[in-house]
Amino acid sequence: MMNKGKRIMAIAMTGAMLTGTIVLPVRAAILASEEPVEGVNVVLEEYCDEVVESPAAAAAQTPAAAAVTDQAVQAATDPQDPTGVDDEKDEVEGHVELNLNYSRLGIASNVDTYLNVRKKPSTSSKIVGKMTKNSGCHIYSIKKGWAKIVSGQVKGYVKASYLSTDQKAEDLVSSVGRNVVEIQTDSLRVRALPTTDAPIYSIVSEGEEFTIKKDNLTLDFVQKIIEKEKISKDFLERAGGLEAIASSMADFICIYVDNEYAFVSKEYVKERYSLKRAVKVKTVKASKSSGVSSSQASIVEYAKQFLGNRYVWGGSSLTGGTDCSGFTMSLYARYGHSLPHNAAAQAGVTRRVSSPKPGDLFFYSNGSRINHVAMYIGGGMVIHASNPRDGIKISNAYYRRPVKIGRVMN
């Protein structure tokens, strides 16, 4: 396991530019039958002056939009482990790549939920992006209380007082970063159990990052998940049984997919230590040419102001805590629509569409049932209450392959 001491040592070796790397070998193979996505997080190596982005990453950026203030309210907390499998909680064994390449690191730690990134150093300037709490950035300069920054693909200005900088930022990295896997192949099958014989949980895309729950799996850990998730004997037999799982589990990593666990092959991912990044935003406006109605534009703009607020399983409070279906239910309730507090039930009362518009709902499955819902905000992005670690966040709409895109009927 890569402990905090090692992380801090690697981070603290600063100069004009710094690179500290611990490499985990990854085989560059392509899994023909496995399947793609992108999202909100960025690795620390992207906080450099000249960022080279992949075409896939460039296509995945968000057009979410503006809230009125430079920081939102409601501090996020970390509720209990979603399945109760909390032995060695959230710990990752083995080494991960820590690749820092920046001249000056900033972390948006002095906010409750998110920090607005503006086009110019003025509170009246256009908002071009948002950094959720503890996102990282490269600081070009600080003048008259404004920091010129880049975070992911967002460049602009933030109030410097909301950032931790220099040594304070470096000291924070070990506590606010997270161990993740980055998907290394186009379209990867995520499995319900750690074997290729297990049913497919979901399909994710190249470039996506998912937080690691456990690296070096044990049969005891897997059995706890089987017990907690009430996995049937028939399901287990389809996966080849415990003997097959025991023989293959060393090749898999347990990850969080929203608020549930799933497994990916080590062969097709890269492990690294990562900070969150900013997301691009723009205002969605009603337009006859685009076919976006005033109500569709309004609900999307309303949803964005809750970015960074808490995830609470079973909750429906946009400020106090909500789960995925509680989030969409509460958003639509403000606009006079009654939706059930259940993702699968919401899928059942929406009309299937092939070309999404802002305000449409994206539904995702765990292989056996619809277990997650998000709202489309345009530009290939969704906003959703994801999990206790990230709260309400913006992601690529295809971070998981949706099983339905639904439109709430008038």
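- Checking side-chain atoms of Y201 against main-chain N and O of Y261 turns up no donor-acceptor pair under 3.5 Å.
- From D166, atom CG reaches atom NZ of K168 across 10.0 Å, with rounding to the nearest 0.5 Å.
- In this structure, F210 has its ring center at least 6.0 angstrom away from the ring center of Y256.
- At a threshold of 4.5 Å between non-hydrogen side-chain atoms, the residues T196 and F252 count as touching.
- Of all the heavy atoms in Y140 and K155, the pair that sits closest is OH-CE, 3.5 Å.
- A donor-acceptor pair is defined here as one N or O able to donate and one able to accept, closer than 3.5 Å; no such pair exists between the side chain of K270 and the backbone of E182.
- The number of heavy atoms from other shown groups lying within 6.0 Å of CD (Q223) is above 12.
- Each of I245, I225, V257 was scored for a side-chain contact (heavy atoms from CB on, under 4.5 Å) with F263, with one residue passing: I225.
- Remark: S290 OG to Q296 CD distance equals 8.5 Å, nearest 0.5 Å.
- At a cut-off of 3.5 Å, with distance as the only test, a side-chain donor of H384 or S395 sits close to an acceptor on the other residue.
- Considering every non-hydrogen atom in both S161 and N110, the closest pair reads O-ND2, 3.1 Å.
- Put simply, the side chain of R191 reaches to within 4.5 Å of the side chain of I200, judged on heavy atoms.
- Checking V279, V154, I149, V111 one by one against M131, the side-chain contact (heavy atoms from CB on, under 4.5 Å) holds for a single residue, I149.
- Ring geometry, F306 versus F327: the interplanar angle exceeds 60°, so the pair is classed perpendicular (tilted spans 30 to 60°).
- Distance CH2/W313 to CG/N387: 15.5 Å, rounded to 0.5 Å.
- Salt bridge D360/R407: present, at least one basic N to carboxylate O contact under 4.0 Å.
- By the 4.5 Å heavy-atom criterion applied to side chains, V158 and L163 are counted as neighbours.
- Between L331 and L318 there is a side-chain heavy-atom pair separated by less than 4.5 Å.
- Taking NZ from K280 and CE from M381, the interatomic distance works out to 10.5 Å, rounded to the nearest 0.5 Å.
- Annotation for K404: atom NZ counts as buried by contact number, over 12 foreign heavy atoms lying within 6.0 Å.
- In terms of modelled atom types and a separation under 3.5 Å, the side chain of S151 and the main chain of G136 share a donor-acceptor contact.
- The structure places OH of Y157 at 14.0 Å from CZ of R118, a figure rounded to the nearest 0.5 Å.
- Distance alone, capped at 3.5 Å, is enough to place a donor-acceptor pair between the Y335 side chain and the S298 backbone.
- Of all heavy-atom pairs spanning I142 and A147, the tightest one is CG1-CB, 3.9 Å.
- When side chains are defined from C-beta on, V349 counts as touching P340, because their heavy atoms get closer than 4.5 Å.
- Summarising the geometry of S175 relative to Y273, their closest heavy-atom pair is N-OH, 4.1 Å, with the distance given to 0.1 Å.
- Salt-bridge check for R238 with D197: failed, with every basic side-chain N at 4.0 Å or more from each acidic carboxylate O.
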Subject >> side chain to side chain contact (heavy atoms under 4.5 Å, CB included) between V284 and V292, worked out >> reply: CA-CA 9 Å; V284 174; V292 177; 4.1 Å; yes
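- For the salt bridge (charged side-chain N to carboxylate O under 4.0 Å, His left out) with E260, the lone residue among K228, R400, R369 that qualifies is R369.
- Closest of all the heavy-atom pairs between I383 and A303 is CD1-O, 3.6 Å.
- Distance alone, capped at 3.5 Å, places no donor-acceptor pair between the Y311 side chain and the D258 backbone.
- Looking at D390 and K393, a side-chain N of the basic residue comes within less than 4.0 Å of a carboxylate O on the acidic one, giving a salt bridge.
- Residues N259 and H372 bring no donor and acceptor atom of their side chains to less than 3.5 Å of each other.
- A salt bridge is defined here as a Lys NZ or Arg NE, NH1 or NH2 lying under 4.0 Å from an Asp or Glu carboxylate O, and E227 with K224 fails to meet this definition.
- In terms of modelled atom types and a separation under 3.5 Å, the side chain of K357 and the main chain of G291 share a donor-acceptor contact.
- The main-chain N or O of G314 is found under 3.5 Å from a side-chain atom of D323 such that the two form a donor-acceptor pair.
- No donor-acceptor distance shorter than 3.5 angstrom exists from the side chain of T350 to the backbone of V408, with no hydrogens or angles considered.
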Subject >> Step-by-step side-chain hydrogen bond (donor to acceptor under 3.5 Å, both in side chains) determination, S135 to T132 >> reply: CA-CA 6 Å; S135 294; T132 52; 3.3 Å; yes
**OP:** Any chance you could lay out the side chain to side chain contact (heavy atoms under 4.5 Å, CB included) test for L307 and N309, step after step, and finish with the verdict?
**Re:** CA-CA 6 Å; L307 178 66; N309 281 357; over 6 Å; no
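- Within the 4.5 Å cutoff, the side chain of V181 has heavy atoms near those of the I255 side chain.
- Proximity of V300 to Y376: side-chain heavy atoms (C-beta onward) are nowhere separated by under 4.5 Å.
- Note that CZ of R277 and OG of S274 are 9.0 Å apart. Values are rounded to the nearest 0.5 Å.
- At least one side-chain heavy atom of I107 sits under 4.5 Å from a side-chain heavy atom of N134.
- Panel note: side chain S330, backbone G326; a donor-acceptor pair is recorded below 3.5 Å.
- Of all the heavy atoms in S325 and Q346, the pair that sits closest is O-NE2, 3.0 Å.
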**OP:** Could you walk me through whether Y398 and F362 pass side chain to side chain contact (heavy atoms under 4.5 Å, CB included), step by step?
**Re:** CA-CA 9 Å; Y398 300 90; F362 274 57; 3.9 Å; yes
Original post:
Is there a side chain to side chain contact (heavy atoms under 4.5 Å, CB included) between T322 and M329 once you walk through the steps?
Top reply: CA-CA 10 Å; T322 182; M329 178 187 74; over 6 Å; no
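- Judged by a 6.0 Å distance limit and a 45° cone about the ring axis, R334 is positioned over the six-membered ring of Y302.
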